[in-house]
Amino acid sequence: MKITIFTGPRGAGKSTRFIHEYRSHGDGLCFFSLKKWGADGKVCAYDLVLYPKNETLPFFVKDPEVDMETASKETLAVRDLTEGLMHSCSYFVHVAAFDRALQYYKEHPEAKEIWIDEIGRIEVAGKGFRRLLMTAIADGKDVFFVARNNFVPKLLPLLPSDVSVDVVDVTTL
């Protein structure tokens, strides 16, 4: 079992490199956050795409009331809302997408590699893809995931100490 983390700052191309690597491997299950663009040319939402099935689910939707750059830490914190939503940073998050991801994983016990875009604030808070990540690790799968560079130090303690962890900084060749 090995763990590979694709990392870098916001906007560095982590997910682009991640999906390129997944497609070049051509193996395993992938949980990919696909950007959706608004009329203003900015990201307004993300869909969760389950590969190789290509199933697409609503995932993150921009909260128009929150500006990432000026919001308080309290506003940006992970918190549960009603009607199957949680809030993280400047997005409303569809909790059912995480449940479906775990179900999809369980439907494919033969998969040897698990690819997750992305692990971060929600998982550090004990939610989101955390159950999927921990289940894949417990099952001895090779795990590849995206994490911003500022979250890697918070994520490393969650990983088994006896596992090979390769950190790939996408800002370097």
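More than 12 heavy atoms of other residues, nucleotides or ligands shown are found within 6.0 angstrom of CD on Glu110.
Linking ILVMFWY side-chain heavy atoms closer than 4.5 Å, directly or via other members, places Met134 and Leu29 in a single hydrophobic cluster. Note: the hydrophobic cluster containing Val167 does not contain Val146 (ILVMFWY, side chain heavy atoms under 4.5 Å, direct or indirect links). Tracing side-chain contacts under 4.5 Å through hydrophobic residues (I, L, V, M, F, W, Y), one reaches Ile122 starting from Phe145; they form part of the same cluster.
Sorted by first and then second residue, the pairs that involve residues 60-82 and meet ring pair (Phe, Tyr, Trp, His ring centres under 6.0 Å), not counting sequence neighbours, are Phe60-Tyr91. Applying the ring pair (Phe, Tyr, Trp, His ring centres under 6.0 Å) test to residues at least two apart or on different chains, none of the pairs has a partner in residues 63-84.
Applying the side-chain hydrogen bond (donor to acceptor under 3.5 Å, both in side chains) criterion to Asp139, with sequence neighbours excluded, gives Tyr105.
Side-chain contact, Ser15 with Asp117: a donor N or O sits under 3.5 Å from an acceptor N or O. The closest side-chain donor-acceptor pair between Lys62 and Ser90 falls under 3.5 angstrom.
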Go through Leu48 and Phe31 one step at a time and tell me if the side-chain contact (heavy atoms from CB on, under 4.5 Å) criterion holds.
CA-CA 7 Å; Leu48 180 63; Phe31 306 89; 4.1 Å; yes
Quick one, Thr4 with Asp166, criterion side-chain hydrogen bond (donor to acceptor under 3.5 Å, both in side chains). Give me CA distance, side-chain angles, the key distance, then yes/no.
CA-CA 5 Å; Thr4 303; Asp166 185 22; 4.7 Å; no
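Separating the CD1 atom in Ile114 from the NZ atom in Lys141 is a distance of 6.0 Å, to the nearest 0.5 Å. Atom-to-atom distance recorded for Ser164:OG and Asp142:CG is 9.5 Å, nearest 0.5 angstrom.
One finds a salt bridge joining Lys127 and Asp80 here, because a Lys/Arg side-chain nitrogen approaches an Asp/Glu carboxylate oxygen to under 4.0 Å. Ion pairing between a basic and an acidic side chain is recognised when a charged N comes within 4.0 Å of a carboxylate O; Arg131 and Glu123 show no such pairing. Checked for salt-bridge contact, Asp47 and Lys36 meet the test: a charged N lies under 4.0 Å from a carboxylate O.
Between Phe59 and Phe98, the ring center distance clears the sub-6.0 Å criterion.
With contacts defined as side-chain heavy-atom distances shorter than 4.5 Å, the pair Phe151/Glu118 does not qualify. In this structure, Asp169 and Asn149 have side chains that are not in contact, with every pair of non-hydrogen atoms separated by 4.5 Å or more. Residues Val78 and Met86 are in side-chain contact: their nearest non-hydrogen atoms beyond the backbone lie under 4.5 Å apart.
Ring geometry for Phe18 versus Phe6: interplanar angle over 60°, hence perpendicular rather than tilted (30 to 60°).
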